[in-house]
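Structure first, commentary second.
In this text, all values refer to a predicted model and were calculated from it rather than measured experimentally.
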Amino acid sequence: MAERVGFIGLGIMGTRMAANLARAGYDLVVWNRTAETAREWAAEHGAEVAGSPAEVAERCDVVITMVVDGDQVESVLLGTGGVAQGARGDLLCIDMSTIGPRAARRIAGRLAERGVEFMDAPVTGSSPKAEDGTLTIMAGGSPDSFERARPLFEAMGKLIVHVGEVGQGQLVKVINNAVAAANTAVAAEALLAGKLAGADLDALVTVVGAGSGASAMMELKAGPMRAHDWSTLFKLEHMLKDLRLCLEEAEAVGVRMQLVQDTAEVLAEAERRGLGERDFAALLEVVEKRSGARL
């Protein structure tokens, strides 16, 4: 019998990930901070709505969280009315948010005191891959927990990697996002420099995309940047959070990630300009401002 799954956090990513679990045949119990969002989603996908995270745990064998940050994960799992209060049997909690390795290990330790197993399994791919179930999932936790969670991951992702113990999923994720954000910043500078120097931008994007400068970020973000379309696939404020987490981990081991620091400063300036809720490709506006020119 398939395990009953709870899903907490129905935002841009969570709605799509949970929908793929429902399509795979899992009976879902959902909770969201905005109750109306949960009710509407549940009505569309045939799920049940719980009144609290604790109630989700009472009804489920596995609980997945997909929220904004470590504070929210800690609140829904360990706070008043949280998952830990409703935990029963051999409950497995899988956090798929991006919260950083330290928070993951701290939460895992507190849940273990209550007999609850924890995995960190952040994802990459933004909303399009969440929509079609082709996310990359990097999971940290025990081998047994990973095997138990694998069918769930396979309903939501394409590349699924067990990267090590609890916290290692978060470490790999924030490093990945640091690389992605730096690539995006370089792509923004390249497009602007190319335009101002008179390059054919269609040709530039084609050549870079086929050459050694190719990146997923150039492929995904060049079009939106040229159109100044900041429709949100991944919020700028969330990318900034991830870079700060990466820099925190790097500092702890004595590594200076200067290019990541520079990119974080660009994102922070964009956030101050009111772009935090928009897609992180909006960092182009800071690149334009610094150059005194528009793409």
Is there a donor-acceptor contact under 3.5 Å from the side chain of Q170 to the main chain of G100?
-> yes
Has the side chain of T34 got a donor or acceptor atom that lies under 3.5 Å from a matching backbone atom of T37?
-> no
So, [X] and [Y], do they make that salt bridge, N to O below 4.0 Å?
{"X": "D229", "Y": "K221", "answer": "no"}
{"X": "E165", "Y": "R105", "answer": "no"}
{"X": "R110", "Y": "E113", "answer": "no"}
{"X": "R290", "Y": "E269", "answer": "yes"}
{"X": "R88", "Y": "E58", "answer": "no"}
{"X": "E74", "Y": "R106", "answer": "yes"}

Does any non-hydrogen side-chain atom of [Y] lie less than 4.5 Å from one of [X]?
{"X": "V30", "Y": "R39", "answer": "no"}
{"X": "M156", "Y": "M13", "answer": "no"}
{"X": "C93", "Y": "L111", "answer": "yes"}
{"X": "D202", "Y": "R226", "answer": "yes"}
{"X": "K129", "Y": "K158", "answer": "no"}
{"X": "L233", "Y": "P128", "answer": "yes"}
{"X": "H238", "Y": "T98", "answer": "no"}
{"X": "R148", "Y": "L92", "answer": "yes"}

T232/D279 under side-chain hydrogen bond (donor to acceptor under 3.5 Å, both in side chains): CA gap, chis, key distance, verdict | CA-CA 4 Å; T232 305; D279 191 82; 5.9 Å; no
Could you label the plane-to-plane angle of the F146 and F153 rings as parallel, tilted or perpendicular, counting under 30° as parallel and over 60° as perpendicular?
->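 Ring orientation, 0 to 90° scale: tilted.
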State, to 0.1 Å, how close I99 and G70 come at their nearest heavy-atom pair, and which atoms those are.
->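 Closest approach of I99 to G70, heavy atoms only: CG2-N, 3.4 Å.
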Considering non-hydrogen atoms only, spot the tightest contact between V166 and F118 and give its length.
-> CG2-O, 3.5 Å
Take atom CZ of R273 as the centre, draw a 6.0 Å sphere, and report whether it contains more than 12 heavy atoms from other residues, nucleotides or ligands.
-> yes
Are there more than 12 heavy atoms of other residues, nucleotides or ligands under 6.0 Å from atom CD of E219?
->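 No - once you tally the heavy atoms of other residues, nucleotides and ligands closer than 6.0 Å, there are 12 at most.
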Determine, stepwise, if the pair H228 / E288 fulfils side-chain hydrogen bond (donor to acceptor under 3.5 Å, both in side chains).
-> CA-CA 11 Å; H228 290 81; E288 291 175 325; 2.6 Å; yes
Any luck finding a side-chain donor-acceptor pair between S142 and D144 under 3.5 Å?
->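 Side chains of S142 and D144: no pair found under 3.5 Å.
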Please round to the nearest 0.5 Å and tell me the distance separating atom CD1 of I175 and atom CE of M138.
-> 11.0 Å
